[in-house]
Structure formats: C-alpha cells, structure tokens
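For reference, the structure discussed in these notes is given below.
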Amino acid sequence: MLIRFSVENFLSFSDRQVFSLIPGKGTLKSEHKTKKIRGVSLLKTSVIFGANASGKSNLIKAIDFGQKLVLKGTKSETKIDYQNFRLDLQAANKYSRIEYELQHKGKNYAYGFTFNSDIIKEEWLYEITIKNDNKIFERNIEDKEIFDLDNITKKIKSQEEQQFLRFIAKGTPNNQLFLNEIRTRKVKENVSQIDDLLNVIDWFQNSLKVIFPEDKYNEGLKFELKQDEELLTTFEQFLEYFDTGINGVCLEKVDFESVDVPKSILNKIKEDLLSKKSENLRASILSIQNTTYFLSVKDNDLVYEKFMTKHLVKGKKELEKFDTSDESDGTNRIMDFIPLMMDLLKGDNVFIIDEMERSLHPNLIYDLIDLFISKAVNVNSQLILASHESSLLTQKLLRKDEVWFVVKDNFGSSKLHSLEDYNIRFDKEIRKDYLLGRFKAIPRIGNRSRLTILNKSDL
C-alpha cells in the first residue's frame, strides 16, 4: 500500500509536493479505509483531477520513474534518464528528490533518494513506527563512509555475509540505486537477515502497478482462461455485468503465417521461449491494434493462439467468434480492466492509472470505482486514478480526502492540494463548484477578443 509519495525538481514539479493516502478527520465511509497496520490506516481510493498539462501525468511518471530505477536500474556509464524542472534556471543546479512511504508485509517504510543525471547523491530506507523512524540503511556520497549499513549488519551473525553485503554496497555504481544492486547481484542467496530490503523490493516488483493510457494490463491472465474454469466464468460474468454484448471468450489456435507481427519478432520470441533460460516461461503475449496473441511452448514446439470473443447470432446455435479488433475501443478497454479488477480484489496491490476513463462511458468508470470500493471491504488494495471525468466528483462516491487537485502556478510549477483543505459540508455536491473553478484545477481559457486573426470579417 502507498502511504505517501513526494517529488521535487522532476518534470513540472519544482518545490517538493506530497501526495497522501492517509485519511483525514472525516468519519464517513469508513469502509474506504484499511485496517491499521502498526498504527497506520490508509485510503483505498484516490482520484486526482486537473486541467490538461497541469501535472497529473507527471506525478504518475515520477512514481513510475522511481519504480523503474529500483527494478531496472541504469546502464553502466550512462546518464540517469529523466528531466528536472526546466522553468527555473536554478533548478538545473539542484538535486531532484523522490520518496515513497509504503506499507508492505506488516511494516511501514520510507524509501527515497536524491539524484541528478549523473549520480545518486543520497538513498535511504527507514522503518516507520508510531514512536520514531528506525534507520535501516543510508547512503550519502558526501560522507567518508558513503554507506551506513550498521543497523543491517548487526543482525547478520556471519562475518562472511556482512563482508559480502558491504562489498555490494561499496561496488554500487554512482548512477545506480543500492536496492537495484541488492536485486540484481544475488544478495538474497548469499546474505540472511535482510528482510526489510527484500520487502521493499517486493513491493516495487509485485504490488505497485503503474498503467498509462496506451498500456494493457496483465494480458497473461487471459492465457489462464482455458485452463481455469472458475477464472473463465468470472471473466465472462464481468463482461455481462458491463453490458458488452459479449457472450464468451476463448483462445483460438492460429498458424504462424497468419500472425500479423513481423516474422523477425516472432522468431526472436520463439528463440527465447525455447531456450533453456526460459524453461519456466509459460507464454509470451503480443498485442497489436487490439488483437492479442499468445505464444507458448508445447512439446518443444511453439503454439500460436489468438484471444477472441464470442457472440450470439440470430438463427444460429453456435456462438460466432470475433477478433477483439472487431470490438469497440471501449469494450477492449473493459476487457483490459477485468483482470485488473480481479487482481485488485485479491489484495496487496496498488494500481495507479492515468486516464482510466479513456474510451469508457462516464457511468462505467463511476461503477468500476464503486464496484471496487463495495467489494474491497476486507481487502487491502488501492486504486489511484488521474482523471478529467468530473462526474466522479461527488461525495456520494468519494470522501473529501480521496479527491486531489493538481494546478500550475504562474511560473509553470505543479502544485498538489486536497479537497480536504476546503470547508465543505459532507452532503454538498462539489462537481459544479469544480467546473466553476473553486478548486482551481480547471483550464484557464483566454480572452476570445485576443484571437485577432479570427476577428477579421473576411474569414
């Protein structure tokens, strides 16, 4: 679970801004909050509103950037690929900063780092408790020791394991996060008593999921449909619930030549799947213009299958099979979100989605959020959205502390604030006030009279 996220000097964020999932003082809709872990309860839902280019997507990009730096790292001798705030000349000489406060495996952590294009200047991990913050490790290139690992190594009884961990720390490149080194250098296999490091890495790898408008989520779940009858039934129930007109789904075997993907790409996938290093890999998934292909190994041969929908045809007993490319963008969007919803309800997942409403009717996006909230009473997962859909701005659906706004100041810097900051009655409808600009996060449309070229009478 995400407790708080802060960002500074990154894309459109100049000064440090904090996005929080800690509940405010309101007592209504208590089912929107998780049960406390180490004294900390969290909100399960949040929606971020703002005008175009206000910084909503940049906030999500910052969250995604930090995740990728932990999991994928930076190539040797290359720059850290990001853009600092560009509308202030002094920002170029300042370090950028990202910090996650997260809840995972029964503990609360604060993990963050400061950096520029060349180096990770600082990196830290603390366990957060009600009474204080306990340092797990700290890194600062301006200190002589650089790494403070004392609170980890004192738990490790083996001198050899202590030395191995310090060796990894000392060898961490200046442009690389220590957590990435822990993940990629087989430290888990060689050092015991590093559960806190592994917990945080596991959160980035298995709990946090960032989805941008053009992304597809977890297509691999569709591969399981033909093997898991209960999963197939649930998927098809969702399709019926959302009124898609689809009566079923299936995987249809197709020939190599009919797969509309460059053969060089298919041959590379085949080579990877058949290689020894990919023995445990069940399938590879390709999505091309709303058509999804599944490539899997069976008896040392590559099997090609296409994900298809099934419809009733008047006067015909058997269901007719359709390519998913024949379905509307909205229907394909719903089919992407069904596995997402199923994973959310399993628990221990944080989904952060940019423009979830794209291609969806306002009633559908409203119901998706309401469905999650109603079914997740005893589930600890989070659904965090950046959206333009003003119909979501109602206290019938969301608490005040679940609504956030992003606005740009006169210098182009993005600022975050919550509806909780405003003195609004619990029963007041807020959509109208939002559209009138009370919460600032709407476009500031200019004066038409200044469009001089359009004022000419001969146009």
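Just so it is clear, the structure is predicted and the values come from calculations on it, not from any experiment.
The closest donor-acceptor contact from the side chain of Arg38 to the backbone of Ile130 lies at 3.5 Å or more, if one exists at all. Remark: the backbone N or O of Phe178 is not paired with any side-chain donor or acceptor of Thr172 at under 3.5 angstrom. Side chain of Gln382 to backbone of Leu2: a donor-acceptor contact under 3.5 angstrom is found. One N or O on the side chain of Asp409 and one on the backbone of Phe411 form a donor-acceptor pair closer than 3.5 Å. Looking only at distances, no side-chain donor or acceptor of Ser54 sits under 3.5 Å from a matching main-chain atom of Val407. The main-chain N or O of Thr324 is found under 3.5 Å from a side-chain atom of Asn332 such that the two form a donor-acceptor pair.
Ser418 and Asp421 share no side-chain donor-acceptor pair at under 3.5 Å. A donor-acceptor contact closer than 3.5 angstrom is absent between the side chains of Asn9 and Tyr95. Between the side chains of Asn206 and Asp202, at least one donor N or O sits under 3.5 Å from an acceptor N or O. A side-chain donor-acceptor contact under 3.5 Å links Lys209 and Asn349. Judged by distance alone, the side chains of Asp196 and Tyr109 do bring a donor and an acceptor atom under 3.5 Å apart. With no hydrogens or angles considered, no side-chain donor-acceptor pair links Trp203 and Gln103 at under 3.5 Å. For the residue pair Asn58 and Ser12, a side-chain donor N or O sits within less than 3.5 Å of a side-chain acceptor on the partner.
Salt-bridge check for Lys68 with Asp64: passed, with a basic side-chain N closer than 4.0 Å to an acidic carboxylate O. Between Lys346 and Asp343 a salt bridge is recorded (basic side-chain N to carboxylate O distance below 4.0 Å). With respect to the salt-bridge test (charged N to carboxylate O, under 4.0 angstrom), the residues Glu138 and Lys135 qualify. Salt bridge annotation for Asp354-Lys56: absent, with no cationic side-chain nitrogen under 4.0 angstrom from a carboxylate oxygen. Taking a cutoff of 4.0 Å between a charged side-chain nitrogen and a carboxylate oxygen, Arg166 and Asp150 qualify as a salt bridge.
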Decide yes or no on side chain to side chain contact (heavy atoms under 4.5 Å, CB included) for Ser207 and His104, but give the supporting numbers first.
CA-CA 9 Å; Ser207 289; His104 195 54; 3.3 Å; yes
Please walk me through it: do Ile338 and Met342 pass side chain to side chain contact (heavy atoms under 4.5 Å, CB included)?
CA-CA 6 Å; Ile338 289 174; Met342 293 166 76; 3.8 Å; yes
Walk me through whether Asn134 and Tyr126 qualify under side chain to side chain contact (heavy atoms under 4.5 Å, CB included).
CA-CA 5 Å; Asn134 300 320; Tyr126 283 76; 5.8 Å; no
Starting from the C-alpha separation in whole Å, work towards a yes-or-no answer on side-chain hydrogen bond (donor to acceptor under 3.5 Å, both in side chains) for Glu327 and Thr309.
CA-CA 9 Å; Glu327 304 289 352; Thr309 58; 2.6 Å; yes
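Put simply, CG on Leu102 and CG on Asn108 are 8.0 Å apart, with the number rounded to the nearest 0.5 Å. Here the straight-line distance linking atom CG of Asn180 with atom OG1 of Thr74 works out to 7.5 Å at 0.5 Å rounding. Taken from CG in Leu419 to CD1 in Ile424, the straight-line distance is 4.5 Å, to the nearest 0.5 Å. Here CZ of Phe115 is found 15.0 Å from CG of Asn174. Values are rounded to the nearest 0.5 Å. The distance from the CE atom of Met341 to the CG atom of Leu383 is 6.5 Å, given to the nearest 0.5 Å. Rounded to the nearest 0.5 angstrom, Leu165 CG and Gln193 CD are separated by 12.0 Å.
Aromatic ring centroids of Tyr100 and Phe204 lie under 6.0 Å apart.
Using a 4.5 Å heavy-atom threshold, the side chains of Ser413 and Lys408 count as separate. Between Leu393 and Val403 the shortest side-chain heavy-atom distance falls below 4.5 Å. Side chains of Val406 and Lys415 form no contact here, defined as non-hydrogen atoms less than 4.5 Å apart. Using a 4.5 Å cut-off on side-chain heavy atoms (C-beta onward), Leu397 and Leu392 make contact. A 4.5 Å side-chain heavy-atom check between Phe337 and Phe238 finds every atom pair outside the cut-off. Phe235 places none of its side-chain heavy atoms less than 4.5 Å from the side chain of Leu231. Here the side chains of Val7 and Leu59 are in contact, with some heavy-atom distance below 4.5 Å. Here the side chains of Lys33 and Leu42 are not in contact, with every heavy-atom distance at 4.5 Å or above.
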Report, one line per pair, each donor and acceptor closer than 3.5 Å where one atom sits in a side chain of residues 79-88; sequence neighbours left out.
unit_1 : atom_1 : unit_2 : atom_2 : d
Lys79  : NZ     : Asp118 : OD1    : 2.5
Tyr82  : OH     : Ser96  : OG     : 2.9
Asp88  : OD1    : Gln90  : N      : 3.0

Validation: residues 356-372 side-chain donor-acceptor distances under 3.5 Å, sequence neighbours left out:
unit_1 : atom_1 : unit_2 : atom_2 : d
Glu357 : OE1    : Ser387 : OG     : 3.2
Glu357 : OE2    : His388 : N      : 3.1
Arg358 : NE     : Pro213 : O      : 3.3
Arg358 : NH2    : Pro213 : O      : 2.4
His361 : ND1    : Asn363 : N      : 2.9
Asp367 : OD1    : Tyr241 : OH     : 3.3
Asp367 : OD2    : Tyr241 : OH     : 2.6

Under 3.5 Å, sequence neighbours excluded: what are the donor-acceptor pairs made by side chains of residues 23-32?
unit_1 : atom_1 : unit_2 : atom_2 : d
Lys29  : NZ     : Gln395 : O      : 2.4
His32  : ND1    : Glu402 : OE1    : 3.0
His32  : ND1    : Glu402 : OE2    : 3.0

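The two residues Val377 and Lys44 make their nearest non-hydrogen contact at O-NZ, 3.0 Å. The two residues Ile156 and Val191 have their closest heavy-atom pair at CD1-CG1, 3.5 Å. For the residue pair Glu181 and Gly171, the shortest heavy atom distance occurs at OE1-O, 4.2 Å. Nearest heavy-atom pair, Pro173 versus Arg139, reported as atom, atom and distance to 0.1 Å: O-NH2, 3.1 Å. Between Glu77 and Asn175, the shortest heavy-atom contact is N-ND2, 4.1 Å. Here the shortest heavy-atom pairing between Glu420 and Asp401 reads OE1-N, 3.6 Å.
Cation-pi geometry between Lys306 and Tyr293 is not met at under 6.0 angstrom from the ring centre and within 45 degrees of the axis.
For the side chain to side chain donor-acceptor pair (under 3.5 Å) with Ser6, the qualifying choice from Arg16, Arg97, Glu101 is Arg97, the only one to do so. Of the residues Phe5, Phe405, Trp404, the one that meets the ring-ring contact (aromatic ring centres under 6.0 Å, His included) test with Phe19 is Trp404.
Aromatic ring pairs are classed by plane angle as parallel below 30°, tilted from 30° to 60° and perpendicular above 60°; the pair Phe137 and Tyr111 is tilted.
Phe212 CZ: more than 12 foreign heavy atoms inside a 6.0 Å radius.
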